[in-house]
Amino acid sequence: MPKGLFITFEGTEGCGKSTQVELLGRQLSAVHYRVRTLREPGGTSIGEEIRHTLKHSKNNTAMTSEAELLLMNASRAQLVREIIRPALDAGEIILCDRFYDSTTAYQGYGRQLDLKMVSEVVQMAVGDTKPDLTLLLAISPEISEMRRALRQSTMPFLRDRMEEADREFFTRVAKGYEAIAAAEPSRVRVVDASGSLESVCLKIWQHVQPLLPKAGRW
């Protein structure tokens with residue numbers, strides 16, 4: 001059995017996942033836990049190339065939903081085998097910015113692909129590598145739209161294909177996350193992410209701290 005701890009962060013665009021991953025990583029390192037932060041898609045050399053194709057390439061406008069699903073999980077399969085499993089076996093804490101719940105929410109509910117097919121592709125990619133805890137950062141659709149617009153205005157040079165979807169797409173994504181949280185309440189903890197960075201960080205720590213003794217320290 002893996003000796004480490006696997007924590008994933010989920011949520012719609014603009015929920016603050018990346019910032020909270022960084023803050024939690026610092027917090028854990030400060031109390032001498034061995035921490036590794038990852039992102040999806042990406043996290044490996046192969047995965048980062050796939051990430052560019054999926055999100056930023058000027059040549060991805062004709063990408064089908066099925067191709068998106070397969071590319072996401074190709075990146076994930078590499079990440080699981082190259083990084084996540086060895087790190088968990090070594091007793092590290094893994095903090096991952098998105099994992100397979102994103103695929104269920106975005107490609108399943110958002111792109112409206114068959115959920116059974118999505119699940120089968122995900123299963124092939126991850127096998128028995130599942131998160132110990134998933135933190136679902138929840139914000140309102142209005143806050144999400146506002147933050148996406150702000151990000152696009154401040155970083156116009158970095159196109160993100162996923163953020164180009166319409167309001168109805170992101171509404172479906174949010175409903176997908178609600179369904180995931182309802183189906184697995186023991187793993188998926190919903191965190192209100194509309195407050196200050198500090199208040200959200202405290203809420204996250206309250207979910208993480210009880211799990212820490214199972215992970216190794218240096």
Within 6.0 angstrom of Glu49 CD, more than 12 heavy atoms from elsewhere: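 Incorrect, the count does not exceed 12.
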NZ (Lys130) with more than 12 external heavy atoms under 6.0 Å: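 Result for NZ/Lys130: enclosed.
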Do [X] and [Y] sit in the same hydrophobic cluster, where Ile, Leu, Val, Met, Phe, Trp and Tyr count as joined when their side-chain heavy atoms come under 4.5 Å apart?
{"X": "Ile93", "Y": "Val208", "result": "yes"}
{"X": "Leu133", "Y": "Val31", "result": "yes"}
{"X": "Val190", "Y": "Tyr109", "result": "no"}
{"X": "Val118", "Y": "Val80", "result": "yes"}
{"X": "Ile83", "Y": "Val126", "result": "yes"}

Say you draw a straight line from [atom1] of [X] to [atom2] of [Y]; how long is it, rounded to the nearest 0.5 Å?
{"X": "Leu28", "Y": "His32", "atom1": "CG", "atom2": "NE2", "value": "12.0 Å"}
{"X": "Leu79", "Y": "Arg39", "atom1": "CG", "atom2": "CZ", "value": "11.5 Å"}
{"X": "Gln107", "Y": "Leu115", "atom1": "CD", "atom2": "CG", "value": "11.5 Å"}
{"X": "Leu88", "Y": "Thr129", "atom1": "CG", "atom2": "OG1", "value": "7.5 Å"}

Does the salt bridge (Lys or Arg N to Asp or Glu O under 4.0 Å) test come out yes or no for Glu68 and Arg161, once each step is laid out? CA-CA 11 Å; Glu68 181 179 280; Arg161 175 178 157 276; 2.8 Å; yes
Listed partners of Glu120 passing side-chain contact (heavy atoms from CB on, under 4.5 Å), at least two apart: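 Here the qualifying residues are Lys116.
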Salt-bridge present (Lys55, Glu48; N to O < 4.0 Å):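 Result for this pair is no, no salt bridge flagged.
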Any donor and acceptor pair, going by atom type alone, linking the side chain of Arg85 with main-chain N or O of Arg81 inside 3.5 Å?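 A pair under 3.5 Å: no.
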My understanding is that only residues two or more places apart in sequence, or in another chain, count here; which of them pass ring-ring contact (aromatic ring centres under 6.0 Å, His included) with Tyr100?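 Partners of Tyr100 by the ring-ring contact (aromatic ring centres under 6.0 Å, His included) criterion come out as none, since no residue qualifies.
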Could you list the residues that satisfy ring-ring contact (aromatic ring centres under 6.0 Å, His included) with Tyr177, not counting sequence neighbours?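 Applying ring-ring contact (aromatic ring centres under 6.0 Å, His included) to Tyr177 gives none.
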Can you find a pair of side-chain heavy atoms, one from Val121 and one from Leu70, that are under 4.5 Å apart?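 A side-chain contact under 4.5 Å exists here.
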If we only count heavy atoms from C-beta on, is the Phe99 to Ile84 side-chain gap below 4.5 Å?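 They are in contact (side-chain heavy atoms under 4.5 Å apart), so the answer is yes.
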Distance alone, cut at 3.5 Å: any donor-acceptor contact between the side chains of [X] and [Y]?
{"X": "Tyr106", "Y": "Arg172", "result": "no"}
{"X": "Arg34", "Y": "Ser29", "result": "no"}
{"X": "Gln27", "Y": "Tyr33", "result": "no"}

When you look at Arg76 and Glu40, which way does the salt bridge (Lys or Arg N to Asp or Glu O under 4.0 Å) test go after all the steps? CA-CA 7 Å; Arg76 180 170 296 136; Glu40 275 207 330; 2.7 Å; yes
Run Arg187 and Asp101 through salt bridge (Lys or Arg N to Asp or Glu O under 4.0 Å) and show every step you take. CA-CA 11 Å; Arg187 173 178 68 87; Asp101 293 310; 2.8 Å; yes
Knowing that exactly one of Leu95, Val21, Leu5, Ile7 qualifies, which makes a side-chain contact (heavy atoms from CB on, under 4.5 Å) with Val35?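 Testing each of Leu95, Val21, Leu5, Ile7 against Val35, the sole residue satisfying side-chain contact (heavy atoms from CB on, under 4.5 Å) is Leu95.
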